[in-house]
Amino acid sequence: MDLQAVAKKYFNAILKGTWNEYAEESIKYVVLDTSHPMEGKSLFFKGAGQFYSLVTSVETLFLVSEGYSIATINRYTLKNKTGKELQLDVSEFIKFNDKEKIEQMSIFFDSKAFGEFLKS
């Protein structure tokens, strides 16, 4: 399996709105400094869905893979309900399984800038 190609398909699926097809049923999801991973598709869909619904573009700045895991830095362009845009660099650590589904994901970004963006 070409894991970098799988990852790029996933990032493209964010723009197409089909990203949820990549989640394993028992996905473990960590955002920022969450002390315990959220588990299961429904929590992943809720958390990631809020963010992904604002995405208008994704640019991969860095991507490395080993085994079934990738580490990446993506620059997301977001647009809120008032039309304001924000570019946000996000570090992502993703573990896929052999069926190209995401088993684990941890993401890190500037939560202050994102919070202010949501309020504007």
Side-chain angles (χ1 to χ4, degrees):
M1 167 170 55
D2 180 353
L3 192 58
Q4 291 195 10
V6 172
K8 288 177 183 178
K9 284 194 308 188
Y10 172 67
F11 299 133
N12 285 331
I14 292 168
L15 296 173
K16 294 178 184 176
T18 57
W19 57 271
N20 53 353
E21 297 172 7
Y22 285 82
E24 183 62 54
E25 195 66 41
S26 60
I27 187 171
K28 291 185 175 112
Y29 180 58
V30 174
V31 179
L32 301 169
D33 59 356
T34 309
S35 59
H36 299 291
M38 295 175 270
E39 293 189 39
K41 275 185 172 182
S42 63
L43 289 175
F44 175 66
F45 291 169
K46 183 178 178 183
Q50 178 188 12
F51 184 86
Y52 290 159
S53 69
L54 303 171
V55 174
T56 60
S57 71
V58 182
E59 177 187 0
T60 299
L61 305 175
F62 175 82
L63 175 63
V64 64
S65 63
E66 183 174 316
Y68 288 107
S69 298
I70 67 159
T72 185
I73 299 173
N74 287 317
R75 177 165 293 149
Y76 289 92
T77 301
L78 311 173
K79 185 182 265 188
N80 68 13
K81 60 186 174 200
T82 65
K84 184 177 178 184
E85 288 191 340
L86 172 71
Q87 281 194 334
L88 194 62
D89 290 347
V90 180
S91 300
E92 302 179 57
F93 303 90
I94 304 172
K95 182 178 180 187
F96 290 87
N97 63 21
D98 60 354
K99 296 176 186 156
E100 300 184 358
K101 301 285 186 184
I102 298 171
E103 291 182 342
Q104 298 176 20
M105 176 184 278
S106 298
I107 63 170
F108 304 91
F109 56 88
D110 183 346
S111 60
K112 182 179 178 189
F114 183 63
E116 290 171 358
F117 169 73
L118 291 177
K119 292 177 187 174
S120 64

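This one's a predicted model, so the numbers in the text were calculated from it and none came from an experiment.
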Item to check | Pairwise side-chain contact, L118 with Q50, heavy-atom cut-off 4.5 Å (strictly under) | outcome: yes

Checklist outcome for this item: CG (L3) and CZ (F96) are apart, to the nearest 0.5 Å, by 6.0 Å

Item to check | Residues in side chain to side chain contact (heavy atoms under 4.5 Å, CB included) contact with T60, at least two apart in sequence or another chain | outcome: F11, L63, T72, N74

Next on the checklist: Are the side chains of Y76 and I14 in contact, using a 4.5 Å heavy-atom criterion?
Outcome noted: yes

Checklist entry - Under 4.5 Å between any side-chain heavy atoms of I107 and F93, yes or no? => result no

Checklist outcome for this item: Here the gap from S111 atom OG to F109 atom CZ, rounded to the nearest 0.5 Å, amounts to 6.5 Å

Item to check | Check: A23 main-chain N/O paired with N20 side-chain donor or acceptor under 3.5 Å | outcome: no

Checklist entry - Who passes side chain to side chain contact (heavy atoms under 4.5 Å, CB included) against M38, sequence neighbours left out? => result Y29, V31, L43

Item to check | In one Ile/Leu/Val/Met/Phe/Trp/Tyr side-chain cluster, 4.5 Å: L32, L86 | outcome: yes

Item to check | Within-4.5 Å side-chain heavy-atom neighbours: V90 and I73 | outcome: no

Next on the checklist: Applying ring pair (Phe, Tyr, Trp, His ring centres under 6.0 Å) to W19 and F45, what does each step give before you reach the verdict?
Outcome noted: CA-CA 9 Å; W19 57 271; F45 291 169; 5.7 Å; yes

Item to check | Residues, nucleotides or ligands: over 12 heavy atoms within 6.0 Å of K46 NZ | outcome: no

Checklist entry - Quick one: CD on Q87 to CZ on R75, what's the gap to the nearest 0.5 Å? => result 5.5 Å

Item to check | Chi angles and distances behind the side-chain contact (heavy atoms from CB on, under 4.5 Å) call for L61, D89 | outcome: CA-CA 9 Å; L61 305 175; D89 290 347; 4.0 Å; yes

Next on the checklist: Contact between K95 and M105 at the side-chain level, heavy atoms closer than 4.5 Å - yes or no?
Outcome noted: no

Checklist entry - Roughly how far, to the nearest 0.5 Å, is OG of S26 from CD of E103? => result 7.0 Å

Item to check | K99 with E24: basic N within carboxylate O range, under 4.0 Å | outcome: no

Next on the checklist: Could you check whether any side-chain heavy atom of F117 comes within less than 4.5 Å of a side-chain heavy atom of L88, counting everything from C-beta outward?
Outcome noted: no

Item to check | Audit row: I70, Y10, side-chain contact (heavy atoms from CB on, under 4.5 Å) steps and yes/no | outcome: CA-CA 12 Å; I70 67 159; Y10 172 67; over 6 Å; no

Checklist entry - Backbone N or O of T77 within a donor-acceptor pair of the T56 side chain at under 3.5 Å? => result yes

Checklist outcome for this item: Taken to the nearest 0.5 Å, the spacing of E92 CD from I94 CD1 works out to 5.0 Å

Next on the checklist: With a 3.5 Å distance limit and no angle check, can you tell me whether K9 reaches the backbone of Q4 through a side-chain donor-acceptor pair?
Outcome noted: no

Item to check | Full working for side-chain contact (heavy atoms from CB on, under 4.5 Å) between Y68 and M1 | outcome: CA-CA 9 Å; Y68 288 107; M1 167 170 55; 3.0 Å; yes

Checklist entry - Rounded to the nearest 0.5 Å, how far does CD of E85 lie from OG of S120? => result 11.5 Å

